[in-house]
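Note that these values count all heavy atoms, side chains included, but never hydrogens, waters or copies made by symmetry. Here, residue 1 is the first one in the sequence, and each next residue gets the next number. The model shown is predicted, which means the values in this text are computed figures rather than measured ones.
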Amino acid sequence: MPKPLNEQVIVITGASSGIGRLTAAELAKAGASVVLAARNGAALEEVAAEITGHGGTAHPVVTDVAIWHEVQKLAEETVSRFGRIDTWINNAGVSEYAVLEDMAIEEIEHITQVTYMGQVYGVKAALPAFVQQDEGAFINIGSVVSKRSIPLQGAYSAAKHAVKGFSEALRMEMEHKHPNIHVTLIMPATINTPFFEHARSRMGAEPQLVPPIYEPEAVVEAIVHAVQHPQPEIYIGSGAFTMALGEAISPGLVDWVMTRKGMLFKGQKSDQPDNGQDNLFGPAPGTGAIHGKWGDSARQTSRYTRYLGLHPMRKRALVGGMAAVG
């Protein structure tokens with residue numbers, strides 16, 4: 001079993017805003033020493049100051065996860081400062097709203113490099129320390145689009161599909177050779193964070209989130225649980241699980257639902273003109289935030305995740321009972 005949170009050293013990429021920022025705060029509140037990684041140095045310093053101001057331990061390391069030697073340095077600096085790494089949370093990602101026809105090759109490459117290869121680099125950087133310790137945990141942040149792609153986010157969907165495939169192979173290899181090293185894949189539905197505001201848009205308008213929308217607290221609850229109770233996969237929100245189930249049953253039907261009357265083309269495009277700002281090739285301006293601008297329509301928690309997703313035995317029992325009744 002993993003060590004108690006107050007004995008853990010935890011690395012979090014994408015820690016300057018959104019899910020990563022709130023995860024760092026919650027883990028530090030529980031006593032963990034957190035190492036904060038992102039491109040935005042000013043935001044990392046602010047997060048670290050907030051944590052230390054509340055009596056926690058935080059160490060910021062400016063890191064571009066798209067660059068292998070910077071991720072190596074992140075792992076080395078963590079071990080040098082704290083003597084070990086207990087959990088590595090691969091959270092950083094970037095996206096773009098556009099049809100693939102309109103995207104530049106450089107944009108697709110960079111989304112892949114950050115969102116997928118950034119997680120590969122994180123695993124490769126931390127794994128030697130885990131093997132030497134004979135324990136450790138990876139928490140990889142995927143998405144519902146790890147299971148089912150959606151239009152206008154083709155490159156991001158592909159990268160998150162790759163994260164899922166990589167996580168599954170890694171988990172089996174660790175179970176075979178290093179059973180004390182755990183791998184959990186978190187797959188959120190739509191989450192109210194600045195991620196979408198920071199995404200590049202070629203739609204001529206700012207993105208609009210597709211409901212159901214959840215607050216980042218729902219994801220962070222699952223991440224904190226997984227640090228203590230590793231499991232293969234956790235969906236955030238019944239909508240994420242339902243979309244994955246639909247994909248398993250009938251991909252063609254899901255295609256039809258998503259494209260009927262242009263639903264997911266119109267549904268992801270707001271009536272606000274694009275402001276031309278994004279974080280695709282560089283950090284967003286400012287010092288970051290946890291929540292996005294869709295709080296009025298976001299759910300604070302996911303009852304599905306809290307009562308079933310975090311407890312796989314309950315979910316299996318429920319599904320088995322339904323099958324027996326059927």
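Within a 6.0 Å radius of CD in Q133, more than 12 heavy atoms belonging to other residues, nucleotides or ligands are found. Taking a 6.0 Å sphere around NZ of K293, one finds it holds more than 12 heavy atoms contributed by other residues, nucleotides or ligands. A 6.0 Å sphere centred on CG of N6 holds more than 12 heavy atoms belonging to other residues, nucleotides or ligands.
Checked by atom type and distance alone, the side chain of T305 never pairs as donor or acceptor with a backbone atom of G309 at under 3.5 Å.
Among Q72, Q113, E70, the one residue that satisfies the side chain to side chain donor-acceptor pair (under 3.5 Å) test with Y121 is Q113. Just one residue in the list E96, E206, E107 forms a salt bridge (charged side-chain N to carboxylate O under 4.0 Å, His left out) with R200, and that residue is E107. For the pairing with Y304, the ring-ring contact (aromatic ring centres under 6.0 Å, His included) check across Y235, F241, Y214 returns one residue only, F241.
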Derivation and outcome, side chain to side chain contact (heavy atoms under 4.5 Å, CB included), residues N279 and R39: CA-CA 10 Å; N279 71 347; R39 296 173 295 177; 3.7 Å; yes
F138 and F166: CA distance, side-chain angles, deciding distance, ring pair (Phe, Tyr, Trp, His ring centres under 6.0 Å) verdict: CA-CA 12 Å; F138 293 107; F166 180 75; 8.6 Å; no
Stepwise salt bridge (charged side-chain N to carboxylate O under 4.0 Å, His left out) check, E76 with K73: CA-CA 5 Å; E76 291 166 358; K73 176 179 173 292; over 6 Å; no
CA sep, side-chain torsions, deciding dist, call: H311, H229, ring pair (Phe, Tyr, Trp, His ring centres under 6.0 Å): CA-CA 10 Å; H311 305 282; H229 307 281; 8.3 Å; no
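Side-chain polar atoms of Y97 and Q208 form no donor-acceptor pair below 3.5 angstrom. Looking at S167 and N140, their side chains do bring a donor and an acceptor atom within 3.5 Å of each other.
For E7 and R84, the salt-bridge test fails: no basic side-chain N is under 4.0 Å from an acidic carboxylate O. Contact check on E101 versus R202 returns no salt bridge, with no Lys/Arg side-chain nitrogen under 4.0 Å from an Asp/Glu carboxylate oxygen.
In the hydrophobic clustering of this structure, V145 does not group with I141; members are Ile, Leu, Val, Met, Phe, Trp, Tyr whose side-chain heavy atoms approach within less than 4.5 Å, directly or through other members.
The aromatic rings of H59 and F82 lie perpendicular to each other, with more than 60° between the two planes, well past the 30° mark. The aromatic rings of F196 and W294 lie perpendicular to each other, with more than 60° between the two planes, well past the 30° mark.
Note that CG of L74 and NE2 of H69 are 12.5 Å apart. Values are rounded to the nearest 0.5 Å.
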